[in-house]
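A, B, ... follow the sequence lines: proteins, then strands. Residue 1 opens every chain. What you see is a predicted model, and the numbers here were worked out from it, not measured in a lab.
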There are 2 protein chains.
Amino acid sequence: MSQSIRTADIESFTRHCREHGMKITLQRVAIYRYLMESGAHPSTDDVFQALRDDFPGLSFDTINRTLMTFYQTGLIDIVESRTGVRRFDANMGSHSHMHCVSCGAMFDIDDPLPDHGCLPQADASGFELLGKNVVFRVICPTCRSSEGRSLREGSAWK
Amino acid sequence: MSQSIRTADIESFTRHCREHGMKITLQRVAIYRYLMESGAHPSTDDVFQALRDDFPGLSFDTINRTLMTFYQTGLIDIVESRTGVRRFDANMGSHSHMHCVSCGAMFDIDDPLPDHGCLPQADASGFELLGKNVVFRVICPTCRSSEGRSLREGSAWK
DNA sequence: TTTGTAATTAAGAATTACTCTTATTTAATT
DNA sequence: AATTAAATAAGAGTAATTCTTAATTACAAA
């Protein structure tokens with residue numbers, strides 16, 4: 001699952017920071033590098049746990065703030081949730097996920113989807129379009145097979 | 001904005017509950033009715049505030065649990081967020097919103113979007129498809145015009 | 001109708017996840 | 001090297017949601 005980060009990625013990261021007036025700190029590089037390498041959708045706490053050995057001083061708050069800054073400047077993405085833990089993603093390509101409404105699990109959709117249409121209001125109304133996320137509401141195979149059990153047993157999502 | 005709820009809606013609500021082994025309580029009817037009539041995207045607290053006069057004993061927790069049960073059985077939808085307040089929606093048609101990554105505001109897209117393609121993996125893999133949500137990542141007109149100001153000034157989203 | 005029982009509810013405590021405040025440190029510029 | 005705005009760490013604070021327990025209620029079966 002883990003991918004090695006390329007020099008080109010770091011170069012474009014550096015360029016992005018400069019363009020947005022963001023200082024290039026050791027912490028930011030470490031956080032971005034981890035997000036790129038993991039290839040997953042880690043939460044702030046996941047990143048915190050993963051980096052705490054190599055960066056003992058790095059705080060949860062700094063990681064969370066940094067990830068939000070990355071998102072707000074369009075460097076990374078947030079995987080939709082229905083509240084719960086916020087998950088980040090360095091893959092800025094077209095995103096599609098399935099969300100099991102029963103257990104809350106998020107599944108990646110491997111196959112690239114066909115184009116999902118354009119954004120009608122954007123140009124006319126002064127919105128700047130950065131990207132798009134698609135989430136399919138589903139019931140996953142596991143939940144389907146255990147259907148009939150009490151709803152209360154299905155605990156709240158993580 | 002408010003719409004009057006039809007008998008047919010209550011009938012299909014009743015049917016849905018029976019099909020999912022959910023008891024039809026006064027509280028559940030009141031909550032569903034409010035969601036249908038409001039036509040908006042209320043949070044749990046919005047529903048709580050709106051119903052507290054007519055139903056003094058109805059607790060926040062019951063409302064939240066009920067709305068989650070509705071969602072988990074496919075009766076209502078949750079409007080995507082990137083964490084913050086969870087918002088519910090009784091309109092189960094195709095949903096599209098714009099999310100300003102800078103200030104966190106969610107904008108409805110009025111025009112119905114063209115079809116967004118189908119779900120490639122669903123049938124083959126045993127997922128049951130309930131519906132689909134699309135979110136466009138944007139920078140809203142307000143944030144565009146105030147660009148250049150410090151990122152720190154842009155406080156966390158609500 | 002009455003009774004049995006599992007589902008539902010209310011209340012408040014607890015938890016989770018995130019955000020703010022303050023003092024200190026640092027990166028990039030001068 | 002000095003300057004300064006930005007970034008950081010630590011811990012406190014907050015918002016939102018969920019859990020626990022005991023009481024109540026809807027529905028089904030007798």
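- Residue B:Met98 comes nearest to B:Asp108 through the heavy atom pair CE-O, 4.5 Å, listed as atom of the first residue, atom of the second, then distance.
- Connection of B:Met106 to B:Phe136 is not established within any shared hydrophobic cluster, with ILVMFWY side chains joined at heavy-atom distances below 4.5 Å, either directly or through further cluster members.
- Atom-to-atom, CD1 of A:Ile24 to P of D:dT8 comes out at 12 Å; the value is rounded to the nearest Å.
- Each of B:Met68 and B:Arg18 was matched to the nucleotide of DNA chain D holding its nearest heavy atom; the match closer to the 5' end belongs to B:Met68.
- When each of A:Asn64, A:Thr44, A:Thr69, A:Thr66 is tested with A:Ile31 by the rule side chain to side chain contact (heavy atoms under 4.5 Å, CB included), just one qualifies, namely A:Thr66.
- Atom OH in A:Tyr71 sits about 14 Å away from atom P in C:dC18, given to the nearest Å.
- Put simply, NE2 on B:His97 and CD on A:Glu80 are 12.5 Å apart, with the number rounded to the nearest 0.5 Å.
- Atom CG in B:Asp45 sits roughly 14 Å away from atom P in D:dT18 (whole-Å rounding).
- Nucleotides of DNA chain D nearest to B:Arg86 and B:Leu26 differ in position, and the one nearer the 5' end is that of B:Arg86.
- Between B:Phe70 and B:Phe13, a ring centre-to-centre spacing shorter than 6.0 Å is recorded.
- Straight-line distance from the CD atom of B:Glu19 to the P atom of D:dC27: 15 Å, rounded to whole Å.
- To the nearest angstrom, C1' of D:dC27 lies 18 Å from NE2 of B:His20.
- Rounded to the nearest 0.5 Å, atoms CZ (A:Arg15) and CD1 (A:Ile24) are 11.0 Å apart.
- Atom pair B:Phe48:CZ and D:dA16:P shows a separation of 14 Å (rounding to whole Å applied).
- When the side-chain nitrogen and oxygen atoms of B:Gln27 are compared with OP1 and OP2 of C:dA10, one or more of them lie within a distance under 4.0 Å.
- Annotation: the terminal axes of the helix from C:dT1-D:dA30 to C:dT30-D:dA1 meet at 50°, where each axis is the rotation carrying the C1' atoms of four end pairs onto the next four (5 pairs per end, rounded to 10°).
- Considering NE2 of A:His20 and CG of A:Leu75, their distance stands at 8.5 Å, rounded to 0.5 Å.
- One hydrophobic cluster holds both B:Leu35 and A:Val101 under the rule that ILVMFWY side chains link at heavy-atom gaps under 4.5 Å.
- Atom CD1 of A:Ile31 is separated from atom C1' of D:dA9 by 13 Å (rounded to the nearest Å).
- In terms of heavy-atom proximity, A:Phe107 sits nearest to A:Cys100 at CE1-CB, 4.2 Å.
- Taking only side-chain nitrogens and oxygens, A:Asn64 comes nearer than 4.0 Å to OP1 or OP2 of C:dT19.
- For A:Thr66 and D:dA7, the shortest distance from a side-chain N or O to OP1 or OP2 is not below 4.0 Å.
- A heavy-atom distance below 4.0 Å to DNA chain D is reached by these residues of residues 52-63 of chain B, ordered by number: B:Phe60, B:Asp61.
- For the OP1/OP2 pair of C:dT19 and a distance below 4.0 Å, the side-chain nitrogens and oxygens of A:Arg65 include no atom meeting the criterion.
- Straight-line distance from the NZ atom of A:Lys23 to the P atom of C:dA27: 8 Å, rounded to whole Å.
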